[in-house]
There are 2 protein chains.
Amino acid sequence: MVKQDTQREQTASMEHYLEAIAILSAGKRAVRVKQMSDLLGVTMPSVTSAAKKLSEQELTEHEKYRHIKLTPEGARVAGDIIHRHTALTRFFAEALGIDQATAEEGACKIEHVISPLGMERLAKFVEFMEACPMGGANLPGRYEYYLEHAELPPDCRMKGVKTR
Amino acid sequence: MVKQDTQREQTASMEHYLEAIAILSAGKRAVRVKQMSDLLGVTMPSVTSAAKKLSEQELTEHEKYRHIKLTPEGARVAGDIIHRHTALTRFFAEALGIDQATAEEGACKIEHVISPLGMERLAKFVEFMEACPMGGANLPGRYEYYLEHAELPPDCRMKGVKTR
DNA sequence: CATAATTATTAGCCGTGTCTAACAATCAAA
DNA sequence: TTTGATTGTTAGACACGGCTAATAATTATG
């Protein structure tokens, strides 16, 4: 059973298109070129050409003048991208205290360049922050205090809490 | 006093070149095209052409067949990039527990796409983590425990530490 | 159902950033 | 100081990903 190197690495651009298809096809079955061009802020020809490339890689199917849809493989890849997007957005919003919209924006840029390891660790970090009742649930709160007052919050100055 | 929009936004590529010049000229005065092509893993013509573009923007000076150097403005821009690089590397290494080399690699990708706000917050976050004796100095430790054991460390299960 | 409005495609251009091949300058060493 | 090795530049090709203009298919409507 030869495991061939499928060599399916995408450019940031192609990932972006793939993601858009996944997002727009949530619910509906049909993704129109127009919808994509509107969402992504590019022209329709750009979408057409991206769809062509993705279809050559069998990540999408696109009948001419008709709608675009993901193949199972395409859905898998897109799912992965969206997963990155979500985790990054959470990190920016929940850990760094950046507003949702700006957090999304940031995630959009970084989701295409971050390494698998970086991604995994970042996700785990957010998880940890939220799960740990001490460093966790309150860390964002304390961090916000720090952001606002430019000094450590009172409870951080508390002594005697040994942690190892 | 009219503040004109200097419109000096660089592409990831150009930032990368700029950064390399700054790094290589630390100490020495001369940066050779060869050094840059070696460091960046591109061919010499690529460096020449980048240098030309940067010189047109007055970020570098490049006498033909001679060395390349930063203008004061170029040094400023490069400094900013390096600053981003450093902060990101610290975040990956110190907060996420990624080894130095891999952390650098990750930083290299992200430093060119992260927003000023994201950058600022991230830097503050690292600062905070290190400064706060509770959530701080020990958070990385607890996080590492979490990474290794896939569950919260003992001291995170401690109750009664109110933080607000 | 004919035609207007909308949506999609094709063709072709452009800027960026890379490369190779060929040539030119500089440097080092005999 | 001449010449070979090294370094640097120029010219030209190419992939990518965007755009506009022209054309074609689809859809909506009167």
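Just so it is clear: chains get the letters A, B, ... in the order the sequence lines come, proteins before strands, and each one is counted from 1. Heavy-atom basis, side chains included; hydrogens, waters and symmetry copies ignored.
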Return a table of donor-acceptor pairs under 3.5 angstrom between the side chains of residues 100-108 of chain A and protein atoms on other chains or two or more places apart.
from: T102(A); atom 1: OG1; to: D99(A); atom 2: OD1; distance (Å): 2.6
from: T102(A); atom 1: OG1; to: D99(A); atom 2: OD2; distance (Å): 3.1
from: E104(A); atom 1: OE1; to: H85(A); atom 2: NE2; distance (Å): 2.5

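In this structure the side chain of L18(B) never reaches within 4.5 angstrom of the side chain of M14(B), judged on heavy atoms. Residues E73(A) and E58(A) fail the side-chain proximity criterion, which asks for heavy atoms closer than 4.5 Å.
In the model, T43(A) has no side-chain atom that pairs as donor or acceptor with a side-chain atom of S37(A) under 3.5 Å.
Within 4.0 Å of T11(A), counting heavy atoms only, lie sugar-phosphate atoms of the nucleic acid but no base atom. When heavy atoms are screened at a 4.0 angstrom cut-off, S46(A) is found touching base atoms of the nucleic acid. Within 4.0 Å of H62(B), counting heavy atoms only, lie sugar-phosphate atoms of the nucleic acid but no base atom. Contact annotation for M14(A): backbone-only contact, meaning every heavy-atom pair under 4.0 Å involves sugar-phosphate atoms and none involves a base. When heavy atoms are screened at a 4.0 angstrom cut-off, H16(B) is found touching no nucleic acid atom at all. The residue V42(B) sits close only to the backbone: its heavy atoms come under 4.0 Å of sugar-phosphate atoms, none of a base.
The interatomic distance linking R32(B) (CZ) with dA25(C) (C1') rounds to 11 Å, in whole Å. Straight-line distance from the CD atom of E63(B) to the P atom of dA25(C): 16 Å, rounded to whole Å. dG17(C) atom P lies 13 Å from atom CE of M36(B), rounded to whole Å. Atom-to-atom, OH of Y65(B) to C1' of dA24(C) comes out at 4 Å; the value is rounded to the nearest Å. dT10(C) atom P lies 14 Å from atom NZ of K53(A), rounded to whole Å.
Contact check on D80(A) versus R76(A) returns no salt bridge, with no Lys/Arg side-chain nitrogen under 4.0 Å from an Asp/Glu carboxylate oxygen.
Taking the 5' to 3' direction, DNA chain D first and last meets chain A under 4.0 angstrom from a heavy atom at dG17(D) to dT26(D).
The phosphate of dT9(C) (OP1 or OP2) has no side-chain N or O of K64(A) nearer than 4.0 angstrom.
Ring geometry for F125(A) against F125(B) counts as perpendicular: the plane angle is over 60°, on a 0 to 90° scale with 30° as the lower cut.
Under the 4.5 Å side-chain contact rule for hydrophobic residues, V113(A) and L122(B) share a cluster.
In terms of position along DNA chain D, the nucleotide closest to T43(A) lies nearer the 5' end than the nucleotide closest to the other residue of the pair T43(A) and R66(A).
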